[in-house]
Amino acid sequence: MREPVVPVPLDFKTAQRFLAGGVDSPVRAGRPVGAPSPFIVSGRGAHVVDAAGRSYIDYLCAYGPVILGHGDRAIAAAVAAAARDGAVVGTTHPEEVRLAQRLCERFDSLERVRFVSTGTEACMSAVRVARSFTGKAKLIRFSGCYHGHSDEMIFSAGASSLSAATLEAGVTQAVASEVIVLPYNDIAAVGAALGAEGDNTAAVIIETICGNMGLCLPETGFLDALRSLTRRHGVLLIFDEVITGFRMRGGAQEALGVSPDLTCLGKALGGGLPIAAFGGSAAVMKSLAPDGPVFVGGTFSGNPVCVAAAHALLDVLDADPRFFTRLERKAKQLAAGLQRIIATAGLTFAVVQWASMVDFMFRPGPAHRNFAEAAEADASAYAAFYRGMLERGILLPPSQMELLFLTAAHSEEDIEDTLRAAEATLASM
Ligand code: PMP
């Protein structure tokens, strides 16, 4: 037998010997904060433990999927049972149909869905459907939104895509030329783009609530105006609710009262397992093969283990009519506490909160409205804050373009501990 090549304790240098760049997702290398995220080996509830045995209160929450808390028993049991029954079958599975039905009942805008494995696939496929349905090619999206790492989505995107130095590397000019990137919250820019290119534009895709340039909220009326403009120009409106879909009952679209043509879901849907979906009206979804010409498929699409996890998650959400209210109350507690601490420190950073997501940037004045404003935030101040919080046992996202997620497992005490750590960290900076 060969000696194990990976020494314990593991360090980042060893990771770099075997994983490209030491990571499977660039943000994990922690460039914006000067050090890789700790190697997390386990999680229970709101807490995670790293390879050195240090425990943290977790606000990274895997960038959104974790909503019940780590190691949830109901999800673990559902996954184990499904795996015992045969993890993958390669045919349609009854539970997959039942999950599709549950999603269609949950979101008014969904009559048909198709499952895929990641948010990247969901967004990429929704755009392909829109192109086929409309017979048009161009795509409008917004800088600072992130819709996965497909060719047409990755340049000028938000979030961790910024950690790649050359955003357009590997993306052809032909692909880039079909994409119009506009500032978030700028309805005049959308009107002008559609005025010029509406006849050539298949879709507008947007994060309904944007979680990839920090937390950035749509201004009052922006989404309504987007809805009427797209309708007027025969352009499909795609809501990327990969982050928001299961952070409110019925997603951001129900909360904000705007109905898209296509919706992309993922992250929390699988309770930690990789499953995503996109869907819309029966008429639009008829574009998909075998009914129509658009091919979207996958070996792991509708995977029974992931589907079982999703049912377990929805069972928990549906069993408690106050689930989201309770979760949001914690987010409000954290947001109000942070705002108080920031004000006490004589700073004017705006804390932003929506559902169970909280964020602030090291940027004075009112909350940012778009990516250009988000980019004004002081990166080195955030890096210092991140490191101070880490030393105090709080795990934050390693980039200011991400945000803090609350789970059902975060307790009031966790939040009070977090606020004490934030106060001490800010005071030490
Ligand atoms: N859309 C949004 C809004 C996202 O935040 C992400 C992931 N951060 C994606 C799409 C892509 O999802 P995935 O990483 O599962 O491919």
Side-chain angles (χ1 to χ4, degrees), residues 23-29 32 37 59-67 114-128 139 141-164 167 179 181 184 203-218 223 237-248 251-253 256 260 262-279 296 298 300-303 306 309-310 313 354-357 359 371 374 397-405:
V23 295
D24 283 323
S25 211
V27 70
R28 299 176 194 171
S37 301
Y59 292 95
L60 183 59
C61 294
Y63 299 92
V66 185
I67 191 166
R114 181 157 291 180
F115 291 111
V116 287
S117 298
T118 64
T120 296
E121 289 171 83
C123 296
M124 180 181 86
S125 309
V127 170
R128 189 179 295 163
L139 170 68
R141 58 179 175 78
F142 298 90
S143 52
C145 290
Y146 180 82
H147 307 293
H149 64 270
S150 70
D151 284 7
E152 62 196 347
M153 301 297 194
I154 197 57
F155 56 93
S156 308
S160 42
S161 68
L162 291 169
S163 42
L167 285 178
V179 183
V181 183
Y184 199 80
V204 173
I205 187 167
I206 187 164
E207 277 187 72
T208 324
I209 301 284
C210 185
N212 283 295
M213 45 174 153
L215 183 55
C216 185
L217 305 184
L223 294 173
L237 180 59
I238 307 175
F239 278 178
D240 178 349
E241 294 229 43
V242 167
I243 289 183
T244 53
F246 299 92
R247 298 233 151 231
M248 280 272 191
Q253 54 191 265
L256 302 173
L262 284 160
T263 297
C264 304
L265 301 167
K267 296 221 187 225
L269 169 61
L273 273 82
I275 183 168
F278 65 99
V296 172
F300 294 110
S301 295
N303 177 273
C306 303
L313 174 92
W354 186 84
S356 43
M357 314 190 307
D359 182 48
F371 182 67
S399 156
Q400 204 166 186
M401 293 295 165
E402 312 281 348
L403 53 86
L404 279 62
F405 290 100

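Atoms within a ligand are numbered from 1 in the order they appear, just like the ligands themselves. From a predicted model like this one, the values you see are computed outputs, not experimental measurements. Worth knowing before you read on, the calculation uses all heavy atoms, side chains too, and leaves out hydrogens, waters and symmetry mates.
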Open item on the list: Counting C-beta onward and ignoring hydrogens, is there a side-chain heavy-atom pair between C123 and F278 closer than 4.5 Å?
Closed with: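 Sidechains of F278 and C123: no contact.
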
Can you name the residues that form a side chain to side chain donor-acceptor pair (under 3.5 Å) with [X], not counting sequence neighbours?
X    : result
R114 : none
T263 : S109, Q253
Q400 : none

- [ ] From the options V204, I206, L262, T208, select the one residue that forms a side-chain contact (heavy atoms from CB on, under 4.5 Å) with I238.
- [x]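 Exactly one candidate clears the test, L262.
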
- [ ] Please determine, by modelled atom types, if S37 and R28 share a side-chain donor-acceptor pair under 3.5 angstrom.
- [x]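 Result is no, nothing qualifies.
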
Open item on the list: At less than 4.0 angstrom from any atom of ligand 1, which residues have a non-hydrogen atom? List them by chain and residue number.
Closed with: T118, G119, T120, Y146, H147, G148, E207, N212, D240, V242, I243, K267

